[in-house]
Amino acid sequence: MATNFHVRSISLPSEFHPLAAIVEEQFSRLRASQETSTSSSDLLHKLDSLRMLYECIDDFLQLPTQQNLSNGNLDEVLNGSIRILDICDVSRDALSQMKECLQKLESSIRRRSGDDNEMISSYMAARKKISKVACKSLKNVKRSETKRVNSDQDPAIKMLSEAEAISLKVFESLFSLISQSKTINNGWSSVSKLLKPKRVSCESLLRESEDLNSSIQELEQNLECLYRRLVKTRVSILSLLNN
């Protein structure tokens, strides 16, 4: 499932500083990702690209030329940074719940404790809860709106505004993947089918569950790196506000 990024280029002037060209290159990579399907591997790439984008923007904010930005504009992007951090935190929690669900399932399989019906019911209830959280978060992300980038704004403000808009789209892809995408659901579905009576194979079930758990862990790791980078960028914005 392709994800459409309806975000306009901010056309940063590369002659302003070499870092501006590097930032624009990162933006271009993320825009190009609109042609890729929403799979866990694609999301790993998008999350890492987003982390690198914020790393470049943070470097740009450290330049002496950025120390006299308007507090009014900075207040807007600061609010945006809080919004993205909150969404990132929710996504980390959703993935953590998914991993916990799978770990409990694997433990039950290994012990073969309880009957199959009880195992299936517990598994499906956890899956439904996670999907509900993801769907709610997806709606919240879609409702989030960022102001259109003003061509007269300072380059740093343009970067941060554009980064917020693209971040929202990346998290929209993530929550869509968790709640309904083919990749994650194929993993869930494979596990569910193997849990059906007379079709249970402990080895196959464990393998499917462990593979899905591995994908979730990779997403968690990339999200954690992104979260730490977002915190650093927020600190940089606060520093500019206090100048």
Side-chain angles (χ1 to χ4, degrees), residues 3-13 16 19-34 38 42-43 45-63 66 69-94 134 136-177 222-241:
T3 302
N4 295 319
F5 281 72
H6 299 295
V7 182
R8 298 188 306 174
S9 170
I10 54 177
S11 300
L12 296 170
F16 183 79
L19 271 173
I22 297 175
V23 171
E24 182 58 38
E25 181 182 352
Q26 294 299 327
F27 276 128
S28 297
R29 289 179 181 176
L30 279 163
R31 294 185 200 106
S33 67
Q34 66 180 329
T38 308
D42 293 323
L43 259 176
H45 174 72
K46 290 176 184 178
L47 290 169
D48 193 51
S49 295
L50 198 58
R51 177 193 60 78
M52 289 190 291
L53 170 64
Y54 276 102
E55 185 174 331
C56 293
I57 291 177
D58 198 41
D59 289 340
F60 190 85
L61 294 177
Q62 307 306 317
L63 296 175
Q66 302 305 308
L69 295 176
S70 166
N71 279 7
N73 288 333
L74 284 172
D75 281 336
E76 290 182 14
V77 295
L78 182 63
N79 290 334
S81 73
I82 296 173
R83 187 158 48 243
I84 298 301
L85 273 170
D86 286 344
I87 292 172
C88 187
D89 209 28
V90 171
S91 64
R92 291 162 73 205
D93 185 58
K136 181 179 179 181
S137 299
L138 180 60
K139 290 179 182 178
N140 290 337
V141 170
K142 287 182 175 180
R143 281 200 298 265
S144 298
E145 294 182 356
T146 55
K147 293 187 176 181
R148 190 177 296 274
V149 177
N150 189 325
S151 60
D152 296 328
Q153 284 180 331
D154 182 273
I157 302 300
K158 291 180 185 179
M159 289 178 186
L160 290 164
S161 298
E162 170 84 346
E164 181 186 352
I166 286 185
S167 297
L168 289 172
K169 288 298 182 181
V170 172
F171 282 111
E172 183 178 324
S173 297
L174 176 59
F175 288 125
S176 178
L177 180 71
N222 278 34
L223 269 175
E224 182 62 31
C225 291
L226 174 59
Y227 187 84
R228 290 199 297 267
R229 173 48 57 185
L230 289 170
V231 170
K232 289 180 180 179
T233 300
R234 174 168 162 73
V235 170
S236 295
I237 299 172
L238 286 168
S239 178
L240 290 175
L241 272 171

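Note that the coordinates shown come from a computational prediction; the quantities given were computed from them, not determined experimentally.
A 4.5 Å side-chain heavy-atom check between Phe171 and Val90 finds every atom pair outside the cut-off. Contact check for Val77 versus Glu164: no side-chain heavy atoms found under the 4.5 Å cut-off. Residues Leu230 and Ser81 form no side-chain contact, since every pair of their non-hydrogen atoms from C-beta on lies 4.5 Å or further apart. Considering only heavy atoms from C-beta on, Leu50 comes within 4.5 Å of Leu53 through its side chain. Residues Leu160 and Leu61 are in side-chain contact: their nearest non-hydrogen atoms beyond the backbone lie under 4.5 Å apart. Counting heavy atoms from C-beta outward, Leu174 and Leu223 have side chains that approach closer than 4.5 Å.
Asp89 contributes atom CG, which lies 4.5 Å from atom OH of Tyr227 (distance to the nearest 0.5 angstrom). With rounding to the nearest 0.5 angstrom, the CD atom of Glu172 is 12.5 Å from the OG atom of Ser167. In this structure, Ile166 CD1 and Lys169 NZ are separated by 11.0 Å, a value rounded to the nearest 0.5 Å. To the nearest 0.5 Å, the span separating CD1 on Ile82 from CZ on Arg234 amounts to 4.0 Å.
In plain terms, the two heavy atoms of Met159 and Phe27 that are nearest each other are O-CZ, 3.4 Å. Considering all non-hydrogen atoms of both residues, Leu30 and Lys46 come closest at CD2-O, 3.8 Å. Of all heavy-atom pairs spanning Gln62 and Ser236, the tightest one is NE2-OG, 2.8 Å.
Remark: side-chain polar atoms of Ser91 are paired, donor with acceptor, to backbone N or O of Cys88 under 3.5 angstrom. At least one donor-acceptor pair closer than 3.5 Å links the side chain of Asn79 to the backbone N or O of Asp75. For Ser176 (side chain) and Ser173 (main-chain N/O), no donor-acceptor pair under 3.5 Å exists by modelled atom type. A side-chain donor-acceptor contact under 3.5 Å links Ser161 to the backbone of Ile157.
A salt bridge links Arg31 with Glu162: the distance from a Lys NZ or Arg NE/NH1/NH2 to an Asp or Glu carboxylate oxygen falls below 4.0 Å.
A donor and an acceptor atom, one from each side chain of Ser49 and Gln26, are nowhere located under 3.5 Å apart.
Listed by chain and number, the residues in a side chain to side chain donor-acceptor pair (under 3.5 Å) with Thr233 amount to none (sequence neighbours excluded). Among residues two or more places apart in sequence or in another chain, the side-chain contact (heavy atoms from CB on, under 4.5 Å) test is passed with Glu224 by Arg92, Arg228. Not counting sequence neighbours, the partners of Lys139 by the side-chain contact (heavy atoms from CB on, under 4.5 Å) test are Arg143. By the side-chain contact (heavy atoms from CB on, under 4.5 Å) test, Asp48 is found to be paired with Arg51, Met52, Asn222, residues two or more places apart in sequence or in another chain being considered.
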### Query
When you look at Phe175 and Ile87, which way does the side-chain contact (heavy atoms from CB on, under 4.5 Å) test go after all the steps?
CA-CA 10 Å; Phe175 288 125; Ile87 292 172; 3.7 Å; yes
